[in-house]
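Remarks on the structure that follows.
Just so you know, ligand 1 is whichever comes first in the structure, and atom 1 is the first atom listed for that ligand. The figures here come from the full heavy-atom set of this structure, side chains too, leaving out hydrogens, waters and symmetry mates.
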Amino acid sequence: MQVYLDNAATTPLDKEVLETMMPYMLEHFGNPSSIHAHGRQVRSAIEKARKTIAGLLNTSPAEIFFTSGGTEADNAAIFGTIRSLGIKHAITSPLEHHAVLHTLESLAKNGELELSFLHHDDKGGLDLEHLEQLLATKPTSFVSLMHANNEIGNLNDIQTIGEICQTYGAIFHADTVQTMGHYRHDLQKLPVHFIVGSAHKFHGPKGVGFIYTNPAVKVPPLIHGGSQERNMRGGTENVYGIVGLAKALEIAYRDMDQHQQYIQGLKDRLIHKLKEQVPDVSFNGYSAEADKSLYTVLNVSLPVSDINEMLLFKLDINKISVSGGSACTSGSNIGSHVLQGIHSDPNRGAVRFSMSKYNTPEEIDYVVEKLASLY
Ligand code: PLP
């Protein structure tokens with residue numbers, strides 16, 4: 001048995017998505033900027049995809065711009081807004097993805113920005129009173145806080161964060177890469193300036209994503225060049241990627257409740273069996289609490305043992321693909337900034353299991369059996 005439990009890193013492409021993409025690789029190859037029939041046909045597929053995404057998120061197609069993925073979308077929101085509005089202060093959390101952290105840090109290093117980090121508890125739960133305190137002293141800040149953490153799965157209350165930002169007139173960007181296609185986002189209700197999506201996290205193709213920009217914020221072009229994406233992002237569009245992205249999101253919304261229930265069932269099974277069979281097991285962050293974490297992610301903390309250093313390798317030779325994330329700070333083994341941030345014991349093993357609709361209860365049982373035999 002070969003088991004893939006690294007779906008927070010990337011998910012397998014859905015065959016239905018591939019079938020939708022294929023004609024745009026073969027027959028419909030025109031350049032969408034061309035005015036002839038070949039071009040027009042492809043242009044209309046891009047606009048249809050934009051409309052589909054906007055419809056699912058309850059917003060207008062004019063507010064959706066395609067990008068090369070989550071990282072580019074996060075960079076666009078951060079660089080574009082901070083530079084064009086001349087914002088001098090940003091608030092984030094030390095537990096953000098590097099697409100956000102390194103981007104904000106680069107601006108701070110350049111002297112363009114003062115950066116404040118939000119306090120959090122020892123499970124990574126954000127201190128929203130601290131957010132209010134920070135905004136009370138610097139109201140016109142840029143706030144970037146993710147919807148769900150990609151390593152420990154913690155869900156942050158972006159509705160409340162958005163309302164706090166609104167009260168103080170702050171700009172709010174939420175990295176929604178891990179929740180897009182897994183939870184519903186209603187942009188008529190969510191007070192946010194930017195959210196983002198990346199197709200490969202919900203069974204779409206790699207290298208394509210999008211950014212939602214609230215019309216209240218005027219963002220400069222993401223990439224200078226031609227007039228593509230209404231002058232916002234020059235360059236010939238990734239047509240089959242865009243078509244696949246929209247199809248993947250459509251399927252994700254269509255089947256969301258059923259998949260959520262199924263995957264939460266797998267996660268519950270994993271928690272239950274690990275507790276039963278692996279000595280001294282615990283869970284990092286809020287990942288074992290159903291109402292506080294992604295149903296797709298479980299970050300497991302394993303007992304202190306000699307095998308921890310080689311843990312991912314040992315799982316790999318047992319045909320189990322997962323992500324690590326040790327809190328190790330020494331030598332060349334650069335640990336996870338998230339596990340370090342929540343002061344996870346660096347001597348314990350850490351494995352992130354992330355599940356999708358394609359995983360089975362038998363795979364969960366196999367993984368627990370292997371882990372039990374290792375410990
Ligand atoms: N933000 C989060 C929370 C992520 O998990 C990821 C991917 O791991 C990204 C951003 C980057 O997305 P992409 O791989 O599409 O650039």
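Of the protein's non-hydrogen atoms, Lys201 NZ, 2.6 Å is the one closest to atom 8 (O) of ligand 1. The shortest contact between atom 3 (C) of ligand 1 and any protein heavy atom is with Asp175 OD2, 3.5 Å. Nearest to atom 13 (P) of ligand 1 among the protein's heavy atoms is Gly70 N, 3.5 Å. At the top of the distance list for atom 15 (O) of ligand 1, counting protein heavy atoms only, stands Ser198 OG, 2.5 Å. Scanning all protein heavy atoms for the shortest distance to atom 6 (C) of ligand 1 gives His97 NE2, 3.3 Å. Of the protein's heavy atoms, Thr71 OG1, 3.3 Å lies nearest to atom 11 (C) of ligand 1.
The distance from ligand 1 to the heavy atoms of Asp74 drops below 4.0 Å at these ligand atoms: 1 (N), 10 (C). The Met146 neighbourhood of ligand 1 comprises atoms 3 (C), with distances under 4.0 Å to a heavy atom of that residue. The distance from ligand 1 to the heavy atoms of His200 drops below 4.0 Å at these ligand atoms: 13 (P), 14 (O), 15 (O). Heavy-atom proximity to Gly69, at under 4.0 Å, picks out these atoms of ligand 1: 15 (O). In the vicinity of Asn150, heavy-atom distances shorter than 4.0 Å reach the ligand 1 atoms 3 (C), 5 (O).
Considering backbone and side-chain atoms together, Gln178 places an N or O closer than 3.5 Å to an N or O of ligand 1. Where the criterion is an N or O separation shorter than 3.5 Å, residue side chain and backbone included, Ala8 fails it with respect to ligand 1.
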Do Asn150 and Asp175 pass the side-chain hydrogen bond (donor to acceptor under 3.5 Å, both in side chains) test, and can you show the C-alpha distance, the side-chain angles, and the key distance before you say yes or no? CA-CA 10 Å; Asn150 49 299; Asp175 179 340; over 6 Å; no
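Through ILVMFWY side-chain contacts below 4.5 Å, Val304 is grouped with nothing and stands alone.
In this structure, His98 has its ring center under 6.0 Å from that of His337. You'll find the ring centres of Phe353 and Phe283 outside the 6.0 Å limit. Taking the six-membered ring wherever Trp is involved, the centroid distance between the rings of His203 and Tyr358 falls below 6.0 Å. For His120 and His130, the ring centers sit 6.0 Å or farther from each other.
The closest approach between Glu72 and ligand 1 stays at or above 4.0 Å for every heavy atom of the residue.
Two residues are said to be in side-chain contact when any heavy atoms from C-beta on lie closer than 4.5 Å; Met355 and Leu266 meet this criterion.
Using a 4.0 Å cut-off between a side-chain N of Lys or Arg and a carboxylate O of Asp or Glu, Asp6 and Arg352 qualify as a salt bridge.
Smallest separation of non-hydrogen atoms from Asn308 and Leu302: ND2-O, 4.3 Å.
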